[in-house]
Amino acid sequence: MLKYDIHNHTHYSPCSNLKPEILLKVAKKKGFNGIGIVDHHTIKGALKVKGMNKDKDFEVIVGSEITTNYGDVLCLYINKDIKSRNFFSLVDEVKKQDGLIIIPHPFRKSLNKNHTFKIPIEKIKNKIDAIECFNARMLPLGDNEKAQRLAKKLNIAGTGGSDAHFRFEIGTGWTTFEGNFRKALKRKETKYHGRIFLGPFGGLLSYLRNRLRLYKIPE
Ligand SMILES: [Zn+2]
Ligand SMILES: [Zn+2]
């Protein structure tokens with residue numbers, strides 16, 4: 001059985017201070033077999049981590065998290081930045097790169113007034129590869145369970161991730177599967193796990209970091 005935390009950010013996201021080398025080191029130390037890096041609107045952080053990884057038994061998935069008209073979308077296994085902010089053109093763009101699409105935290109309410117949408121999972125279920133059924137930052141607590149019920153009802157694969165933006169969050173949510181992650185997702189055989197402990201505190205730190213402009217995005 002393999003264990004991946006597929007939802008991580010680095011300091012290429014304004015809401016995170018995680019250095020790529022720290023993310024890689026901590027995930028490996030915690031016994032993970034792979035990680036996904038999904039900085040907001042850039043694959044720079046993911047490429048850095050991938051470049052640093054010398055262990056062929058540890059997979060680094062290059063991705064990014066894009067805010068679309070339907071809310072946040074995780075794009076994995078991509079090799080170029082995603083330009084689209086419209087959900088359906090994003091799907092085309094990601095498929096052209098042979099990437100995967102996962103809807104993170106499908107029930108999270110946005111703090112941004114422009115993003116009060118609710119993602120119509122039922123309508124788009126054939127366009128996506130999974131929904132995130134466990135997100136370690138999720139509040140209120142019942143929202144992960146709502147996502148889990150929805151995935152079961154619609155027979156969509158489920159994943160788990162920490163949504164780590166800070167060191168203490170790494171590995172607090174994860175996905176397990178046998179063999180190959182992409183194939184396990186296609187077969188809908190992934191399992192999700194995690195615990196919500198300091199995640200919401202991480203969410204608050206991200207909010208403040210963003211709001212008070214405490215970040216400096218590296219070159
Ligand atoms: Zn963020
Ligand atoms: Zn995220």
Side-chain angles (χ1 to χ4, degrees), residues 4-20 22-23 26-27 32 34-49 60-68 70-78 81-82 85 87 90 94 99-112 114-115 117 119 128-139 143-144 147 158-175 192-218:
Y4 283 19
D5 178 357
I6 61 157
H7 191 160
N8 292 283
H9 294 261
T10 72
H11 61 179
Y12 286 88
S13 296
C15 35
S16 164
N17 76 350
L18 258 179
K19 292 199 176 91
I22 301 287
L23 174 58
V26 173
F32 283 86
I35 46 173
I37 296 107
V38 287
D39 283 310
H40 299 287
H41 307 129
T42 177
I43 60 168
K44 274 189 192 160
L47 291 176
K48 280 265 173 198
V49 179
V60 175
I61 303 172
V62 174
S64 79
E65 181 167 15
I66 308 289
T67 303
T68 73
Y70 276 178
D72 291 341
V73 180
L74 300 184
C75 311
L76 298 183
Y77 294 104
I78 53 174
D81 278 332
I82 301 295
R85 299 295 179 259
F87 178 78
L90 172 136
V94 173
L100 298 182
I101 294 169
I102 299 175
I103 305 299
H105 44 70
F107 290 98
R108 177 178 293 166
K109 284 158 207 72
S110 179
L111 292 169
N112 182 337
N114 300 322
H115 297 153
F117 38 60
I119 190 155
I128 62 177
D129 298 284
I131 63 179
E132 188 178 60
C133 288
F134 184 88
N135 179 297
R137 285 187 152 200
M138 194 52 94
L139 276 187
D143 281 4
N144 279 326
T159 62
S162 62
D163 207 352
H165 288 63
F166 299 97
R167 184 181 181 138
F168 64 87
E169 295 179 278
I170 300 168
T172 50
W174 64 94
T175 308
Y192 39 82
H193 316 263
R195 62 194 138 77
I196 293 177
F197 176 46
L198 288 171
F201 175 63
L204 175 67
L205 290 183
S206 283
Y207 174 76
L208 292 174
R209 191 175 167 82
N210 236 330
R211 208 47 213 265
L212 305 174
R213 297 187 182 276
L214 299 173
Y215 55 84
K216 191 169 173 279
I217 304 286

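Indexing begins at 1, ligand by ligand and atom by atom, following the structure's order. Computed from heavy atoms alone, side chains included, the values below leave out hydrogens, waters and symmetry copies.
Panel note: side chain E132, backbone H105; a donor-acceptor pair is recorded below 3.5 Å.
Side chains of T10 and D39: a donor on one and an acceptor on the other come within 3.5 Å. Judged by distance alone, the side chains of R137 and S206 do bring a donor and an acceptor atom under 3.5 Å apart.
Distances from the Zn ion (ligand 2) to the N/O/S atoms of D163 are shortest for OD1.
Around the Zn ion (ligand 2), the angle linking E65 (OE1) with H9 (NE2) is 90°, rounded to 10 degrees. Note: angle at the Zn ion (ligand 1), from NE2 of H165 to SG of C15, is 100° (rounded to 10 degrees).
Remark: aromatic rings of H9 and H11 are distant, center separation not under 6.0 Å.
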